[in-house]
Amino acid sequence: MGILAPLYENPITQEIISWYLFFFGVSLPIVLIFWLIGLKGFIELTRFETGNTFLYKLNPLTKILFGIVVMTVASTTIWWIGAILTVAILPLYLTLNNGVRKFNYVLLLTFSSIVGSTWAIAPYTPPYILQEVFPNQHYITVWVWPSYFSVMGYVPILTLQAIIYGLQTAFRVTATLVSALLLVVSTSVSDLFRMFTKIKVPLAVTFSVLVGLRTIPKVFELLDTSLKMQMLRGLGYGKPKVIRVFYYIYGAFMAIIPAMVYLFRGSKSLAISADTRAFRAYPTRTSMKEVPFTRYDYIMFGVIVALIVLDVVANIVGFGRSVPYVGL
């Protein structure tokens, strides 16, 4: 007997609530992203701005190593370690330029990621996965989906353990997300290029990574510009505020093609710029500015070592477990 048995035993109620739950899981993260965060928020979270705090003074390699270690620890230990890492990293955004605004944006992004990841996994988790994650437990039925929901891949019965499993997986995602964004917002492309060159990363790989870092905020800027142009032309004008957010979402999707066109046009200018700077004219490059390792890097190295020790100890004492992700 499920905890909501009186509701899903009524066919009409089951249909209504099932579709409500479906659209809740799909729409809530989208509404949070487009309404509360917005394209401006994504620009803030993907664009480098010069600063003077310790994060800006860290060597790019230190931040890359920190992100890799956080991802490793979150994916190989019990879920609440990933949750603790997420909570511990979030306040670091307050040290950035416009830190309060960036912190609010990343907090909303983290929450939407938790909701989206949980709901993207829980309804699709088969029983054999739950038996591996929660052995010898009595499974609590939360909801029973209509039979035709199986066409979308839904498991017929949604259990409390499936929701918990989705939440556990979400915290592994958020820890990696917030640590990776720190690198993006506090590291200049030039410094990253210098360090990649210093450690002999192939120029083709370096160029691809740096173009990607420069393109991400540009994509959001172009989407924002295209959306504003649609709003100026009357998209959603005079509509109730309750449904205006859906016009924003519609406008954002309609802005994808114009944004891609502008990006393709800009790629020609990027190629010309690389040629005029003699990119790959020589196998190695020199630099007028060195990116040193400072005392902040050595402090961060201590944090990284502590995380590695935490990972090893957690696995030894029984708090290490990789999530058996749904899939083949």
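- Two residues are said to be in side-chain contact when any heavy atoms from C-beta on lie closer than 4.5 Å; V144 and P156 fail this criterion.
- Listed here is the closest heavy atom pair of T294 and K57: OG1-O, 3.8 Å.
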With a 3.5 Å cut-off and sequence neighbours excluded, list the donor-acceptor pairs that the side chains of residues 105-115 form with protein atoms.
residue: T110; atom: OG1; partner: V106; partner atom: O; Å: 2.7
residue: S112; atom: OG; partner: L108; partner atom: O; Å: 3.2
residue: S112; atom: OG; partner: L109; partner atom: O; Å: 2.8

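- The CG atom of L65 sits 11.5 Å away from atom CG of L183, with the distance rounded to the nearest 0.5 Å.
- Contact annotation: the side chain of Y139 never approaches that of L160 to less than 4.5 Å [non-hydrogen atoms, C-beta and beyond].
- Closest of all the heavy-atom pairs between P146 and S18 is CD-OG, 3.1 Å.
- In this structure, W79 and T169 have side chains that are not in contact, with every pair of non-hydrogen atoms separated by 4.5 Å or more.
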Verify side chain to side chain contact (heavy atoms under 4.5 Å, CB included) between K63 and T187, making sure each step is shown before the conclusion.
CA-CA 9 Å; K63 286 179 274 192; T187 307; 2.8 Å; yes

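- With a 4.5 Å cut-off on side-chain heavy atoms, R172 and T176 do not count as touching.
- Two residues are said to be in side-chain contact when any heavy atoms from C-beta on lie closer than 4.5 Å; L90 and F103 meet this criterion.
- Counting heavy atoms from C-beta outward, T62 and F66 have side chains that stay 4.5 Å or more apart.
- With sequence neighbours excluded, no residue forms a ring-ring contact (aromatic ring centres under 6.0 Å, His included) with Y56.
- The shortest side-chain heavy-atom distance between Q161 and Q131 does not fall under the 4.5 Å cut-off.
- Atom-to-atom distance recorded for N104:CG and N98:CG is 11.5 Å, nearest 0.5 angstrom.
- The two residues T76 and T72 have their closest heavy-atom pair at OG1-O, 2.7 Å.
- In plain terms, the two heavy atoms of L45 and V185 that are nearest each other are O-CG1, 3.1 Å.
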Before you tell me yes or no, could you show the steps for I308 and I304 under side chain to side chain contact (heavy atoms under 4.5 Å, CB included), namely the whole-Å CA-CA distance, both residues' side-chain angles and the distance that decides it to 0.1 Å?
CA-CA 6 Å; I308 295 173; I304 291 171; 4.2 Å; yes

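- Here T125 contributes atom OG1 and Y165 contributes atom OH; the two are 5.5 Å apart, rounded to the nearest 0.5 Å.
- Taking the six-membered ring where tryptophan is involved, the planes of F22 and Y154 are tilted, since the angle between them lies from 30° to 60°.
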Kindly determine whether I257 and M260 satisfy side chain to side chain contact (heavy atoms under 4.5 Å, CB included), including the steps that lead there.
CA-CA 5 Å; I257 294 179; M260 294 300 295; 5.7 Å; no

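- At a threshold of 4.5 Å between side-chain heavy atoms, the hydrophobic network of Ile, Leu, Val, Met, Phe, Trp and Tyr places V87 and F171 in two separate groups.
- Residue V151 is not grouped with residue W119 when hydrophobic side chains (ILVMFWY) are merged at heavy-atom distances under 4.5 angstrom, including chains of intermediate members.
- Within the structure, salt bridge (Lys or Arg N to Asp or Glu O under 4.0 Å) pairs that include any residue of residues 106-119 do not occur (at least two apart or interchain).
- V155 and L158 fall into different hydrophobic clusters, where Ile, Leu, Val, Met, Phe, Trp and Tyr residues are linked whenever their side-chain heavy atoms come under 4.5 Å apart, directly or through other members.
- With a 4.5 Å cut-off on side-chain heavy atoms, L85 and W80 do not count as touching.
- A donor-acceptor pair is defined here as one N or O able to donate and one able to accept, closer than 3.5 Å; such a pair exists between the side chain of T53 and the backbone of T95.
- Partners of Y148 under the side-chain hydrogen bond (donor to acceptor under 3.5 Å, both in side chains) rule, at least two apart in sequence or in another chain, are E15, W19.
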Residues T159, L130; criterion side chain to side chain contact (heavy atoms under 4.5 Å, CB included); working and verdict
CA-CA 9 Å; T159 63; L130 295 179; 3.5 Å; yes

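- Nearest heavy atoms, A175 versus G82: CB-O, 3.7 Å.
- Taking CG of L58 as the reference point, atom CD1 of I64 lies at 12.0 Å (rounded to 0.5 Å).
- One hydrophobic cluster, built from ILVMFWY side chains closer than 4.5 Å, cannot hold both M71 and V178; they sit in different ones.
- What you find for S179 and G67 is that their closest heavy atoms are OG-CA, 4.0 Å.
- Between W143 and W145, the ring planes lie perpendicular to each other; the angle is over 60°, past the 30° to 60° tilted range.
- Taking CG of L94 as the start and NZ of K102 as the end, the distance is 11.5 Å to the nearest 0.5 Å.
- Listed by first and then second residue, the salt bridge (Lys or Arg N to Asp or Glu O under 4.0 Å) pairs involving residues 294-312 amount to none (not counting sequence neighbours).
- Under the ring-ring contact (aromatic ring centres under 6.0 Å, His included) criterion, Y93 pairs with no residue at all, not counting sequence neighbours.
- Follow the hydrophobic side-chain contacts under 4.5 Å out from I163 and you never reach V173; the two are in separate clusters.
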